[in-house]
J.: 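So that we are looking at the same thing, I have put the structure below in structure tokens.
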Amino acid sequence: MTHASRRPGRAWLITPGLRTDRFDSARTSGAAVAVVGIEDSVALAAYTARPDLIVVPKVEAARDIELAAAALEADGYTPDIWALIESPRAFDHLPEIMRAPRLGGVIFGSADYAASVHCGLGWDALRYVRSALINAATAANIPAIDAPTWELDDPSILRRDAERAKELGFYGKGCVHPGTCR
């Protein structure tokens with residue numbers, strides 16, 4: 001059984017865990033979900049709250065979700081666990097990942113994926129993997145959030161990419177700047 005019935009809102013703001021000065025503005029940005037990224041060399045003390053939703057980076061197997069769930073569960077604390085899908089290996093194992101019992105949803109990690117396959121971040125370069133992710137998530141009745149748009153200076157690009165993501169079947173869209181989440 002998944003936690004897909006507790007679907008959060010559609011606009012997600014992603015804030016680097018190293019930038020503690022941005023936590024308050026992320027929380028009050030108007031985004032439905034404020035994600036604090038603590039994956040790349042961030043001290044554990046950077047974010048002390050017990051969040052309702054945990055994003056596990058670099059998920060490549062259902063076991064990654066199971067280990068995170070086991071490590072997090074304590075005293076009735078059972079946050080939603082979402083998988084960041086960002087490698088070719090993860091795409092090879094999507095059906096297995098989607099069956100992880102505690103998985104609440106998935107997020108496409110376009111930057112790491114593109115870097116690993118040496119392709120661009122443009123929509124056309126990543127259409128196939130976006131479609132594969134949507135297909136697997138839909139088959140498992142799990143929501144999928146599209147990767148952020150990396151063009152921060154032009155809101156029309158974010159709007160266009162959000163419309164494309166919605167057309168493809170994504171539940172929501174990530175952003176990396178509070179002004180783009182509204």
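Worth knowing before you read on, the calculation uses all heavy atoms, side chains too, and leaves out hydrogens, waters and symmetry mates.
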J.: State the CZ-CZ distance between Phe170 and Arg164, to the nearest 0.5 angstrom.
T.: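 Between Phe170 CZ and Arg164 CZ, I get 13.0 Å after rounding to 0.5 Å.
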
J.: How about Leu126 and Ser110: do any of their side-chain heavy atoms sit closer than 4.5 Å?
T.: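 Yes, their side chains come closer than 4.5 Å.
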
J.: Treating Ile, Leu, Val, Met, Phe, Trp and Tyr as nodes and any side-chain heavy-atom pair under 4.5 angstrom as an edge, say whether Leu67 and Tyr77 lie in one connected cluster.
T.: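 No: no chain of side-chain contacts under 4.5 Å links Leu67 to Tyr77.
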
J.: Looking only at heavy atoms, what is the nearest atom pair of Ala165 and Asp146, with distance?
T.: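 Heavy-atom minimum between the residues: CB-OD2, 3.5 Å.
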
J.: Measure across Ile142 and Gly104 and return the closest heavy-atom pair with its distance rounded to 0.1 Å.
T.: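 Of all heavy-atom pairs spanning Ile142 and Gly104, the closest is CG2-O, 3.8 Å.
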
J.: Could you tell me whether the side chain of Asp52 reaches within less than 4.5 Å of the side chain of Asp80, counting heavy atoms only?
T.: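 Not touching, per the 4.5 Å side-chain cut-off.
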
J.: Partners of Tyr113 by ring pair (Phe, Tyr, Trp, His ring centres under 6.0 Å), sequence neighbours excluded?
T.: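 Residues passing ring pair (Phe, Tyr, Trp, His ring centres under 6.0 Å) with Tyr113: Phe91.
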
J.: Not counting sequence neighbours, which residues clear side-chain contact (heavy atoms from CB on, under 4.5 Å) with Ile157? List them please.
T.: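 So Ile157 forms a side-chain contact (heavy atoms from CB on, under 4.5 Å) with Thr149, Glu151, Asp154, Arg160, Asp161.
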
J.: How long is the gap from CG on Leu133 to CG on Leu94, to the nearest 0.5 Å?
T.: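 Between Leu133 CG and Leu94 CG, I get 6.0 Å after rounding to 0.5 Å.
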
J.: Any heavy-atom pair between the side chains of Trp82 and Ile145 that's under 4.5 Å?
T.: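 Answer yes - side chains close enough.
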
J.: State plainly whether one hydrophobic cluster holds both Trp150 and Trp123, where clusters connect Ile, Leu, Val, Met, Phe, Trp and Tyr through side-chain heavy atoms under 4.5 angstrom apart.
T.: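 Same hydrophobic cluster.
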
J.: Could Arg102 and Glu73 be called an ion pair, given the rule that one side-chain N must be under 4.0 Å from one carboxylate O?
T.: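 A salt bridge links Arg102 with Glu73.
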
J.: Look at Lys58 together with Asp112 and state whether they make a salt bridge at an N to O cut-off of under 4.0 Å.
T.: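 Asp112 and Lys58: salt-bridged.
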
J.: Atom CG in Leu103, atom CE in Met98: separation rounded to 0.5 Å?
T.: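 Between Leu103 CG and Met98 CE, I get 6.5 Å after rounding to 0.5 Å.
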
J.: So, the side chain of Lys173 versus the backbone of Ala147: is there a donor-acceptor pair under 3.5 Å, distance only?
T.: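 Present.
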
J.: Quick one: closest heavy-atom pair of Pro88 and Val117, and the distance?
T.: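 Scanning both residues, the minimum pair turns out to be CG-CG1, 3.5 Å.
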
J.: Looking at every non-hydrogen atom in both residues, tell me the closest pair between Ala90 and Val59 and how far apart they are.
T.: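 Ala90 and Val59 have their closest heavy atoms at CB-O, 3.1 Å.
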
J.: So, do Glu86 and Phe108 sit near enough that their side-chain heavy atoms are less than 4.5 Å apart?
T.: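 Side-chain contact under 4.5 Å: no.
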
J.: Atom CZ in Arg130, atom CD1 in Ile85: separation rounded to 0.5 Å?
T.: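 Here the rounded value is 14.0 Å.
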
J.: Short question: side chain of Asn135, backbone of Ser131 - any donor-acceptor pair under 3.5 Å?
T.: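 Checked: no pair found.
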
J.: Mind checking side-chain contact (heavy atoms from CB on, under 4.5 Å) for Thr138 and listing every partner two or more places apart, or none if nothing turns up?
T.: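 Per chain and number, Thr138 pairs via side-chain contact (heavy atoms from CB on, under 4.5 Å) with Ile134.
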
